[in-house]
S.K.: 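My questions will all concern the structure given below.
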Amino acid sequence: MNYLDNAATTKPSKRVAEVVNEIISQNYGNPSSLHGLGAQAEKILTNARKSIATNFRCRPDEIYFTSGATESNSIAIQGACRANHRSGNKIITTTIEHPSVLMTIKHLEKNGFEVIYVSPNSDGVITVEDVCKNVDERTILVSVMQVNNETGLCLPVEQIAKAVKQKNSKTIVHVDGVQGFTKINTYLSSSHRGIDLYSFSGHKIHALKGVGGLYIKSKTKISPIVFGGEQEKGIRVGTQNTLGIATLGEATEEAFANQKNRLMHYCLLANHLKDRLREIGGIRINSLENPQSVDYIINFSVLGIRSEILLHYLEKHKIYVSSGSACSSRSKNSSILTAFGLLQEIVDSAIRVSFSESTTVEQIDELVDTIILARNRFIKK
Ligand code: PLP
């Protein structure tokens with residue numbers, strides 16, 4: 001199998017599978033229980049919080065576990081707006097956010113919040129200035145993604161946060177860090193005047209699905225959006241997914257330990273793929289060059305073949321790619337690619353390829369060779 005859809009989800013690592021086996025049979029207590037089995041489960045949470053906090057250089061008590069980034073985004077955005085609406089009602093975001101951000105903000109817009117949507121400029125990027133020029137004394141939240149899940153575009157989130165705070169120190173800055181987490185170093189120390197909230201997810205980094213987290217800088221005012229117990233200091237109530245959280249901690253450690261080699265490997269794969277695509281011609285590469293885009297998500301259009309036709313053709317050859325983000329793949333076109341200002345023909349034929357550390361050059365060659373076969377079959381000369 002040639003799996004090239006790692007931005008949608010990743011295969012759990014060997015170590016993660018071992019952790020699952022250990023915990024599922026031996027460490028099944030409820031972390032809120034007062035007996036020894038509960039304490040053992042609580043230790044899983046403590047260790048995972050420490051692993052993540054060390055890599056962010058923040059405090060462990062600033063890490064909150066959730067069911068994934070969709071929930072983290074919702075808590076961050078709704079929670080910040082509910083807790084701070086007395087200070088203003090203006091939100092700034094971009095047109096290229098993941099639906100879990102865009103739909104949450106659209107919901108708030110319907111309920112009286114004013115929203116400014118920033119689009120990529122004619123170079124296909126979003127600059128610090130594009131976001132910050134709209135910040136004023138009524139702006140309570142800026143929510144921007146770190147890496148776009150469809151094209152790999154990188155946003156300068158740390159600089160954006162700094163510039164936002166210079167204009168209005170009370171504005172809360174949220175970053176959807178899902179596609180950058182463990183690949184781009186983000187320092188979230190409570191002493192920095194920068195990012196206040198950062199969402200991340202387990203299944204994009206070889207942990208299990210259904211687990212994620214939210215960094216909440218200490219003293220940031222957030223209201224809960226679900227009520228019940230006291231878990232995660234009342235911000236995300238409900239019994240914690242200890243199994244998932246253990247895998248998230250483990251996968252975070254593994255990812256950071258091996259980060260340098262992985263990034264070099266992605267660079268090699270990206271260059272090889274782009275070289276080969278340029279060689280065969282008739283392809284438009286929609287991702288920008290590094291450093292504006294990351295090397296592990298490459299979006300391109302095979303002109304003349306609709307994405308879904310190519311996707312199914314590749315699948316018959318056991319090559320798995322995406323025609324856009326996995327969660328919007330059932331809707332007809334990628335509205336995100338349209339937001340990048342791409343022509344309809346390019347949007348209709350766009351393919352997203354995303355790597356993991358086990359992706360090989362041979363797999364890239366197999367992909368390109370199969371695209372050549374597809375073109376011979378579907379494009380009339
Ligand atoms: N944000 C981005 C940028 C994503 O790519 C995704 C998943 O594809 C999410 C949020 C949602 O993450 P989860 O699947 O953990 O809910």
Side-chain angles (χ1 to χ4, degrees), residues 3-12 16 48 52 63-78 93-107 120 126 143-155 157 160 173-184 186 195 197-215 225-226 236 238 240-241 243-245 247-249 251-252 255 287 293-294 296-299 320-331 334-337 339-340 350 352-356:
Y3 184 74
L4 297 170
D5 200 13
N6 292 281
T9 199
T10 55
K11 182 178 171 181
V16 160
I52 296 163
I63 302 296
Y64 295 73
F65 293 116
T66 66
S67 66
T70 296
E71 188 182 35
S72 303
N73 286 341
S74 217
I75 295 173
I77 295 166
Q78 294 198 63
T93 190
T94 78
T95 50
I96 60 165
E97 297 299 315
H98 187 265
S100 56
V101 167
L102 277 181
M103 306 283 277
T104 307
I105 290 180
K106 287 224 152 82
H107 170 76
I126 291 179
S143 180
V144 285
M145 69 195 331
Q146 188 168 32
V147 174
N148 179 264
N149 47 305
E150 294 202 26
T151 65
L153 179 75
C154 251
L155 272 72
V157 289
I160 288 174
V173 180
H174 166 243
V175 171
D176 174 353
V178 170
Q179 300 289 352
F181 178 52
T182 72
K183 296 165 184 122
I184 296 175
T186 315
I195 298 166
L197 305 164
Y198 182 96
S199 308
F200 51 97
S201 176
H203 71 109
K204 312 287 182 177
I205 63 155
H206 304 279
L208 293 187
K209 293 170 186 58
V211 65
L214 178 64
Y215 158 83
I225 57 170
V226 174
R236 196 283 180 180
Q240 290 97 336
N241 170 6
L243 182 64
I245 292 167
T247 68
L248 176 59
T252 303
S287 298
S293 283
V294 295
Y296 47 90
I297 300 177
I298 310 289
N299 191 304
Y320 299 92
V321 300
S322 170
S323 60
S325 72
C327 25
S328 63
S329 57
R330 311 235 178 269
S331 43
S334 163
S335 56
I336 298 297
L337 289 183
F340 274 100
R352 177 187 74 181
V353 169
S354 44
F355 310 137
S356 80

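Ligands are counted one by one from 1 in listed order, and the atoms in each one are counted from 1 as well.
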S.K.: Need the ligand 1 atom indices (1-based, order shown) with element for anything under 4.0 Å from a heavy-atom of S201.
M.R.: 13 (P), 15 (O)

S.K.: Using a 4.0 Å heavy-atom threshold (strictly under), name the region of V178 that reaches ligand 1: side chain, backbone, both or neither.
M.R.: side chain

S.K.: Test side-chain contact (heavy atoms from CB on, under 4.5 Å) on Q179 and N148; report intermediate values, then the result.
M.R.: CA-CA 7 Å; Q179 300 289 352; N148 179 264; over 6 Å; no

S.K.: H206 side chain to K11 main-chain N or O, any donor-acceptor pair under 3.5 Å?
M.R.: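 Yes.
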
S.K.: Given S67, P99, A69, A8, which has its nearest heavy atom closest to atom 12 (O) of ligand 1?
M.R.: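 Answer by nearest heavy atom: A69.
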
S.K.: Run the numbers on I75 and Y64 for side-chain contact (heavy atoms from CB on, under 4.5 Å), then give the verdict.
M.R.: CA-CA 11 Å; I75 295 173; Y64 295 73; over 6 Å; no

S.K.: Look at ligand 1 and say whether E97 reaches it with a heavy atom at a distance under 4.0 Å.
M.R.: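 False for this residue.
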
S.K.: Apply the test side chain to side chain donor-acceptor pair (under 3.5 Å) to residues T9 and K209: give CA-CA distance (whole Å), side-chain angles for both, the deciding distance (0.1 Å), then the verdict.
M.R.: CA-CA 8 Å; T9 199; K209 293 170 186 58; 3.2 Å; yes

S.K.: Ignoring hydrogens and geometry, is there a side-chain-to-backbone donor-acceptor pair from T247 to A207 under 3.5 Å?
M.R.: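 No, T247 side chain to A207 backbone: no donor-acceptor pair under 3.5 Å.
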
S.K.: Just by distance, do the side chain of N241 and the backbone of G210 share a donor-acceptor pair under 3.5 Å?
M.R.: yes

S.K.: Just which atoms of ligand 1 are under 4.0 Å from any heavy atom in H203?
M.R.: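 Reading through ligand 1 atom by atom, the close ones are 13 (P), 14 (O), 15 (O).
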
S.K.: Is the contact between K209 and ligand 1 made by the side chain, the backbone, both, or neither, using heavy atoms and a 4.0 Å cut-off?
M.R.: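 It is neither part, as no heavy atom is under 4.0 Å.
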
S.K.: Provide the number and element of each atom of ligand 1 under 4.0 Å from a heavy atom of G68.
M.R.: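 Listed by number with element, the hits are 15 (O).
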
S.K.: Going by the atom numbers of ligand 1, which of them fall below 4.0 Å from some non-hydrogen atom of S100?
M.R.: 10 (C)

